[in-house]
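Side chains are part of it too, since the values below use all heavy atoms of this structure and drop only hydrogens, waters and symmetry mates.
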Amino acid sequence: MAVNDVVTPVLARLVRGEELTADEIDAAIGEILDGRVGEVQAAGFLTALRTKGETDSELAALVAAMPAMGQGVSLSFVGRAISSDGNGK
């Protein structure tokens with residue numbers, strides 16, 4: 001897969017030790033979760049973020065970006081499906 005033009009400048013900022021904005025994180029995570037970023041570049045993004053050290057605002061932006069990329073699950077079935085008390089009944 002070719003190098004992604006959205007993630008490349010974000011990755012460069014991380015390598016320079018710069019804090020990312022929420023918009024940059026949202027764009028990068030969107031590209032990664034949509035499958036438009038190769039495995040090596042996605043791993044580079046996550047590794048560079050961890051190596052730089054995530055800030056609270058970067059972590060909050062990551063958490064905020066992920067639900068938008070998820071798929072809903074319908075729980076509209078009848079009856080008890082999950083035992084929440086641990087007895088398996």
Checklist entry - When clusters are formed by joining ILVMFWY residues with side-chain heavy atoms under 4.5 Å apart, either directly or through shared neighbours, do Met1 and Val3 land in the same one? => result no
Next on the checklist: Is it true that, when you exclude Arg50 itself, more than 12 heavy atoms of the residues, nucleotides or ligands shown sit nearer than 6.0 Å to its CZ?
Outcome noted: no
Next on the checklist: Let's go through Leu49 and Leu62 carefully: what are the C-alpha distance in whole Å and the side-chain angles of both, what is the deciding distance for side-chain contact (heavy atoms from CB on, under 4.5 Å) to 0.1 Å, and is it a yes or a no?
Outcome noted: CA-CA 11 Å; Leu49 183 61; Leu62 284 166; 3.6 Å; yes
Checklist entry - Any idea which heavy atoms bring Ala48 and Leu11 closest together, and the distance? => result CB-CD1, 3.7 Å
Item to check | Gap between atom CG of Leu14 and atom OG1 of Thr51 - 0.5 Å precision | outcome: 9.5 Å
Checklist entry - Hey, mind stepping through Asn4 and Glu31 against side chain to side chain donor-acceptor pair (under 3.5 Å) and telling me if it holds? => result CA-CA 8 Å; Asn4 182 283; Glu31 293 291 301; 2.8 Å; yes
Next on the checklist: Counting C-beta onward and ignoring hydrogens, is there a side-chain heavy-atom pair between Ile29 and Phe45 closer than 4.5 Å?
Outcome noted: yes
Next on the checklist: Any non-hydrogen side-chain atom of Val7 less than 4.5 Å from a side-chain atom of Arg36?
Outcome noted: no
Checklist entry - Val15 and Val6: same hydrophobic cluster, using ILVMFWY side-chain contacts below 4.5 Å? => result no
Checklist entry - Do Leu20 and Leu33 sit in the same hydrophobic cluster, where Ile, Leu, Val, Met, Phe, Trp and Tyr count as joined when their side-chain heavy atoms come under 4.5 Å apart? => result yes
Next on the checklist: Using a 3.5 Å distance criterion without hydrogens, assess whether the side chain of Glu24 forms a donor-acceptor pair with backbone atoms of Thr21.
Outcome noted: yes
Item to check | Asp56 atom CG, over 12 foreign heavy atoms within 6.0 Å | outcome: no
Checklist outcome for this item: CG of Leu59 to CD of Glu54, rounded to nearest 0.5 Å, is 5.0 Å
Checklist entry - Are Lys52 and Glu58 within salt-bridge range, i.e. N to O under 4.0 Å? => result yes
